[in-house]
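Take a look at the structure set out below.
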Amino acid sequence: MINDFELLKKEILVCQKCQLSKGRTNVVFGEGPFDAKIMCIGEGPGRDEDLQGRPFVGRSGQLLDKILSVCGFSRTENVFIGNIVKCRPPQNRAPFPEERATCIPYLHKQIEMINPKIIILLGATALNGLIDPLLKITKVRGNWLEWNGHIVMPTFHPSALLRNPNLKKDAWEDFKKVVAKYRELVNPAHKSDYC
Ligand code: URA
């Protein structure tokens with residue numbers, strides 16, 4: 001299976017299926033253990049991610065790492081971090097529906113291969129791209145959803161938390177539920193500074 005994952009990575013790294021490939025410096029495949037029990041899914045690479053070829057390495061990535069760390073998780077140990085689109089949209093605009101539609105089969109394959117116990121959707125683009133284009137993040141965040149047999153927690157994107165710190169309280173509640181679910185499904189002895 002790990003070989004299939006490496007093959008998928010090779011395929012994605014040379015993808016030219018949509019116009020986003022023309023403006024990219026690097027494809028951002030995602031990172032984390034192949035057998036991660038948690039997957040975090042964001043929107044798409046920004047400037048820093050495009051330059052480094054790694055997901056969530058800018059300001060919102062630092063906040064995401066901090067949240068994960070307080071929950072006792074990390075991208076080196078138990079979280080795979082990916083995105084709805086793998087190439088940076090110009091000026092960090094949201095990816096167009098046709099760009100999302102072209103790229104989403106790659107994410108579906110990543111989910112199938114990693115087979116995480118819990119998927120965390122970060123923000124509206126991830127929610128609309130994976131689950132339903134009509135759902136509102138403000139309405140469904142904090143509620144468990146389901147996608148193809150995986151349980152899914154939608155929550156705010158870290159960049160929304162940076163723009164509006166009042167949202168952090170709700171986001172912490174959502175991550176508290178993730179920690180509880182992780183203890184239930186993966187490791188009852190999981191330690192977290194937060195809960
Ligand atoms: N925002 C995202 O949605 N994804 C990244 O990888 C970085 C910032």
Side-chain angles (χ1 to χ4, degrees), residues 8-9 12-13 15 18-21 23-34 36 38-69 71 73-76 78-111 114 116 118-133 135-138 140-141 145 147 152-165 167-168 170-171 174-175 178:
L8 177 66
K9 184 170 183 177
I12 292 177
L13 290 185
C15 178
C18 86
Q19 57 188 353
L20 294 182
S21 63
R24 74 182 178 220
T25 313
N26 286 292
V27 177
V28 179
F29 174 76
E31 71 180 21
F34 163 69
I38 299 177
M39 232 174 131
C40 280
I41 299 171
E43 175 174 299
R47 186 173 155 273
D48 297 315
E49 291 76 21
D50 174 64
L51 290 175
Q52 295 186 39
R54 298 179 56 212
F56 281 97
V57 290
R59 269 186 81 218
S60 60
Q62 284 160 20
L63 178 57
L64 178 62
D65 280 341
K66 204 158 119 191
I67 295 170
L68 291 175
S69 158
C71 293
F73 302 130
S74 72
R75 58 173 96 193
T76 49
N78 30 32
V79 183
F80 186 93
I81 302 182
N83 278 305
I84 293 288
V85 295
K86 313 280 188 254
C87 298
R88 182 193 183 197
Q91 278 83 49
N92 295 347
R93 64 161 168 76
F96 293 145
E98 60 272 24
E99 295 161 351
R100 290 195 323 218
T102 307
C103 210
I104 201 80
Y106 289 143
L107 181 66
H108 291 169
K109 283 189 195 158
Q110 288 178 311
I111 297 173
I114 294 169
I118 300 167
I119 296 176
I120 301 170
L121 297 177
L122 302 168
T125 299
L127 172 70
N128 300 145
L130 189 70
I131 308 278
D132 181 338
L135 288 179
K136 294 265 175 275
I137 191 72
T138 43
V140 302
R141 62 138 280 275
L145 305 175
W147 183 82
V152 177
M153 173 56 68
T155 189
F156 293 119
H157 192 285
S159 65
L161 305 180
L162 289 171
R163 276 195 310 272
N164 182 359
L167 300 177
K168 283 186 182 172
D170 284 344
D174 303 346
F175 276 92
V178 170

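Both ligands and their constituent atoms are indexed starting at 1 by order of listing. Residue numbers count from 1 along this sequence.
If you number the atoms of ligand 1 from 1 as listed, the ones under 4.0 Å from a heavy atom of Pro55 come out as 6 (O). Shown in contact with Gly42 at under 4.0 Å from a heavy atom are these atoms of ligand 1, numbered in order with element: 3 (O). Shown in contact with Ser60 at under 4.0 Å from a heavy atom are these atoms of ligand 1, numbered in order with element: 8 (C).
At a heavy-atom cutoff of 4.0 Å, ligand 1 is contacted by no atom of Pro158, backbone or side chain. Heavy atoms of Glu43 found under 4.0 angstrom from ligand 1 belong to the backbone as well as the side chain.
Taking 4.5 Å as the limit, every side-chain heavy atom of Asn26 sits out of range of all side-chain heavy atoms of Arg88. Side-chain contact check for Trp147 versus Ile111: some heavy-atom pair is nearer than 4.5 Å. Under the 4.5 Å side-chain criterion, counting only non-hydrogen atoms from C-beta, Phe56 is in contact with Asn83.
For Val28, the heavy-atom gap to ligand 1 stays at 4.0 angstrom or more.
Nearest heavy-atom pair across Asn92 and Gly46 is OD1-CA, 3.6 Å. Nearest heavy-atom pair, Ser60 versus Ser159, reported as atom, atom and distance to 0.1 Å: CB-N, 3.8 Å.
Summarising the geometry, atom CZ belonging to Phe156 is positioned 11.5 Å from atom CZ belonging to Phe175; distances are rounded to the nearest 0.5 Å.
In terms of protein heavy-atom proximity, atom 5 (C) of ligand 1 is nearest to Gly44 O, 3.4 Å. The shortest contact between atom 1 (N) of ligand 1 and any protein heavy atom is with His157 NE2, 3.3 Å. Among protein heavy atoms, atom 4 (N) of ligand 1 sits closest to Asn83 OD1, 2.8 Å.
Close N/O approach between Gly46 and ligand 1 is not found [any backbone or side-chain N/O within under 3.5 Å].
The pair Arg75-Glu31 meets the salt-bridge criterion, since a charged nitrogen lies less than 4.0 angstrom from a carboxylate oxygen.
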